[in-house]
Protein chains: 4
Amino acid sequence: MAKRAHERRKEPRQARSRATVDYILEAAAQILSEVGSGGLTTNRIAERAGVAVASLYQYFPNKQAILDVLFEMQLSEERDEFARRSTTLQEKSVREAIREAVRSAIEVHARRPTLVRSILRALPFVGTRDLHVRARQEVVDAVTTAMRARENELRPMKSVAMRAFLVVHAVEAAIHDAAGERPEYLTDPAFADELAELVGRFLLED
Amino acid sequence: MAKRAHERRKEPRQARSRATVDYILEAAAQILSEVGSGGLTTNRIAERAGVAVASLYQYFPNKQAILDVLFEMQLSEERDEFARRSTTLQEKSVREAIREAVRSAIEVHARRPTLVRSILRALPFVGTRDLHVRARQEVVDAVTTAMRARENELRPMKSVAMRAFLVVHAVEAAIHDAAGERPEYLTDPAFADELAELVGRFLLED
Amino acid sequence: MAKRAHERRKEPRQARSRATVDYILEAAAQILSEVGSGGLTTNRIAERAGVAVASLYQYFPNKQAILDVLFEMQLSEERDEFARRSTTLQEKSVREAIREAVRSAIEVHARRPTLVRSILRALPFVGTRDLHVRARQEVVDAVTTAMRARENELRPMKSVAMRAFLVVHAVEAAIHDAAGERPEYLTDPAFADELAELVGRFLLED
Amino acid sequence: MAKRAHERRKEPRQARSRATVDYILEAAAQILSEVGSGGLTTNRIAERAGVAVASLYQYFPNKQAILDVLFEMQLSEERDEFARRSTTLQEKSVREAIREAVRSAIEVHARRPTLVRSILRALPFVGTRDLHVRARQEVVDAVTTAMRARENELRPMKSVAMRAFLVVHAVEAAIHDAAGERPEYLTDPAFADELAELVGRFLLED
DNA sequence: CATGAATGAGGATTCATTCAT
DNA sequence: GATGAATGAATCCTCATTCAT
């Protein structure tokens, strides 16, 4: 695998080629969630996408690039979801904000549980480590900032960063692992409630 | 890769054999934590272990088996650690028990952070899914049982299982991710305190 | 690669077309001298020429054809140079004629040393063997004829053909190799003098 | 193709593997002289050698390495031939020494004309440029040294290096090209005589 | 037992060439 | 006439695994 991945080799101009790119990404996503990263081969991707391998390489410089794009797409979705909520979060009570945040996190993952899990948990071991680390850090940072903004409403703490780290990773992992091992939890309102409670009790004065 | 793995092809009788097996496992572990599961090839393992590939196949039916053994070893270690504490845990307050449990979990992972992380987080995407799922379930079950035993001391809950699931996954993930992204946390007492607090506040009244 | 190369698929009628063909040939030449025959791909040629690959195939039936045209162009240039001098050569002394011939040979190659070298030395191993052999033979024949015309002024010899062969190949190789390894020789008058001396001493009575 | 070639990946220990290496080199040589460097693929080499591709890669890190070894073998042979003669050359007249040198040069190439030609003329355009340039330079240097040693017996010259360059390249090219286009020349004593004459007249007084 | 050697199957990537608009 | 898109066939190379000594 080459070094700089993640850049598309050639921007698709026509509608036809944009569709091809989509098919490829979709195929990769499917394979990833069905057989895992081990079974993800360019030939398989191309076959599933219904295109020739060479076509795949017209838009992605190498396999890694596909994974990277997939990863970034997922991140974007999360970012967007977060951004969409963040304005309203300001106006709500912290408790309510937490509940909202947890719900939307679950929401994001509930759509395609295996895929998201594969992408977010598997990729770090397969894909560009940097990308993953930076991405995760970004989320932690966002939460840290949000917490600082309303620190007076929170339980006193020495390190905001550490607490944010714990909250983010705990929540994400719980959701990912649920997606993998207890998919039914993702649609169970009790799960969301419990998660929100976990976070709330950790962050707020009782 | 063959189908049934995880059984050693042949139990090593002599000391020499046992040493060979150890070298192999150690080599695999090293490679796993250094270059990740992608770079883990049988040839590389053999080379690092200082034996011929063919020798490797005298003790392991296939590559997967090595991973499985590695995984089980790690689990055993955790199980043992847990078992060792569990008797004493009975006699302590729940709060104290939690603190102990969290500490020992961190302890286990702190020894070889990258390795443990690789094994426990990466293997599920590479190795035998079943093994992993069963193992994780086992931990959740143990915690569930422990919680049931002292349910009256805990915050009322609808599903003990779900709460156990959340606690176990949250704690493990936090530790694993710390191992990967914030190794310094593993030796920071504040980290253990915070984690214990997270769990304590979630499980205990007020 | 198809079989019949070297024929242009379609003679360009309009000026625009002719320009396109020129761009293609120029691009091929550049790539050839920059990265060698190994890096010469149709896609790369097209890209460098600023046209689509498909356009390239409107004027050349296949890649080989491009190389062939390039080769022929180079030959033509040499032929022309030779023809241009040959009339005047008649009137000069053999010694002077040799000097002139050597100078113009160097001249031809000095213009774009790497290119000429690539074309004349690399192509035979990549391109149409026949074309190359015939071309070289043609030069040898021309020299043979020239020598026969003034055989009485030359050192006695058994085989004019063999001596012509030696002279032609020695001179060409020296120039090509100089182009590749000692480019500064090409502009050093001493080099021309020495080459002329080499030939003169071989062909002429002392 | 990777970067550092030419190093054998693994030294063959047993007789069997040494044979394998030989088969591979022989196969490569055959293909090279039959179809040229363009047709030289690792699969074809392996097939012709009667081994699996993977075996080939156990001894050569990549295709280039095979070419490099072939190239070096050829150079060694030339070096040896040269060394073998050089002692005796000292005792002979320059004229005789030249005759000897030319004869042995032809000798070396006459054994497997197409191969040698392929290797020495084709490789520079396919293989490691450095290797080739250094090798050629080595020969020129050796001749330069030899000429300096007996400079007083030679025709006066400004640059020994340039004259050596010319002689070496002229002779080699003539032989190579003869191998390719006039194989019969290689066994014709007249050819050797003429070549020796070419060199002798260039280097020696009147 | 141990090991150097060997390999079939496959994986990533490229290339000359064609097609549809 | 030109071009973006598409592709089948190859190419280099690796890997898990087996064999022969």
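From a predicted model like this one, the values you see are computed outputs, not experimental measurements. Letters A, B, ... mirror the listed sequences (proteins, then strands); counts begin at 1.
Under a 3.5 Å cut-off, the side chain of D:S55 and the backbone N or O of D:V51 do not form any donor-acceptor pair. Looking at C:S33, its side chain does come within 3.5 Å of a backbone N or O of C:A29 through a donor-acceptor pair.
Of all heavy-atom pairs between A:I66 and A:A28, the closest is CG2-CB, 3.7 Å.
Checking D:E47 against D:N43 by side-chain atom types alone, no donor-acceptor pair falls below 3.5 Å.
Atom CD in B:E47 sits about 11 Å away from atom P in E:dG4, given to the nearest Å. Atom pair D:K63:NZ and F:dT14:P shows a separation of 15 Å (rounding to whole Å applied). Distance, D:F60 CZ to F:dC13 P: 13 Å, rounded to whole Å. Rounded to an integer number of Å, the gap from CZ of D:R16 to C1' of F:dA20 is 6 Å. The distance between atom OH of D:Y59 and atom P of F:dC12, rounded to the nearest whole Å, is 20 Å. Atom pair A:R44:CZ and E:dA12:C1' shows a separation of 14 Å (rounding to whole Å applied). Rounded to a whole Å, the OH atom of C:Y23 is 18 Å from the P atom of F:dG1. Spacing between atom CZ of B:R18 and atom C1' of E:dA2 amounts to 18 Å, rounded to whole angstrom units.
For the OP1/OP2 pair of E:dT13 and a distance below 4.0 Å, the side-chain nitrogens and oxygens of A:Y57 include at least one atom meeting the criterion. For F:dA5, the OP1/OP2 oxygens have no side-chain nitrogen or oxygen of A:T20 closer than 4.0 Å. When the side-chain nitrogen and oxygen atoms of A:S17 are compared with OP1 and OP2 of F:dA5, one or more of them lie within a distance under 4.0 Å.
Nearer to the 5' terminus of DNA chain F, by closest-nucleotide assignment, is the contact made by D:T42 (compared with the other of B:T42 and D:T42).
Using a 4.5 Å heavy-atom cutoff, the side chains of A:D68 and A:F60 are not in contact. Contact check for B:T20 versus B:L56: no side-chain heavy atoms found under the 4.5 Å cut-off.
Nucleic acid contact class of C:I45 (heavy atoms, under 4.0 Å, all strands): none.
The pairing partner recorded for F:dA6 is E:dT17, the criterion being a Watson-Crick or G-U wobble arrangement whose two distances lie under 3.5 angstrom. Pair assignment for E:dA12 gives F:dT11, based on Watson-Crick or G-U wobble hydrogen-bonding distances that are each under 3.5 Å.
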Restricting to nitrogen or oxygen on both sides, can you table the protein-nucleotides 7-10 of chain F pairs closer than 3.5 Å?
| from | atom 1 | to | atom 2 | distance (Å) |
| --- | --- | --- | --- | --- |
| F:dT7 | OP2 | A:A52 | N | 3.2 |
| F:dT7 | OP2 | A:S55 | OG | 3.0 |

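We find that C:R44 and C:E34 are not joined by a salt bridge, their nearest charged nitrogen and carboxylate oxygen being 4.0 Å or further apart.
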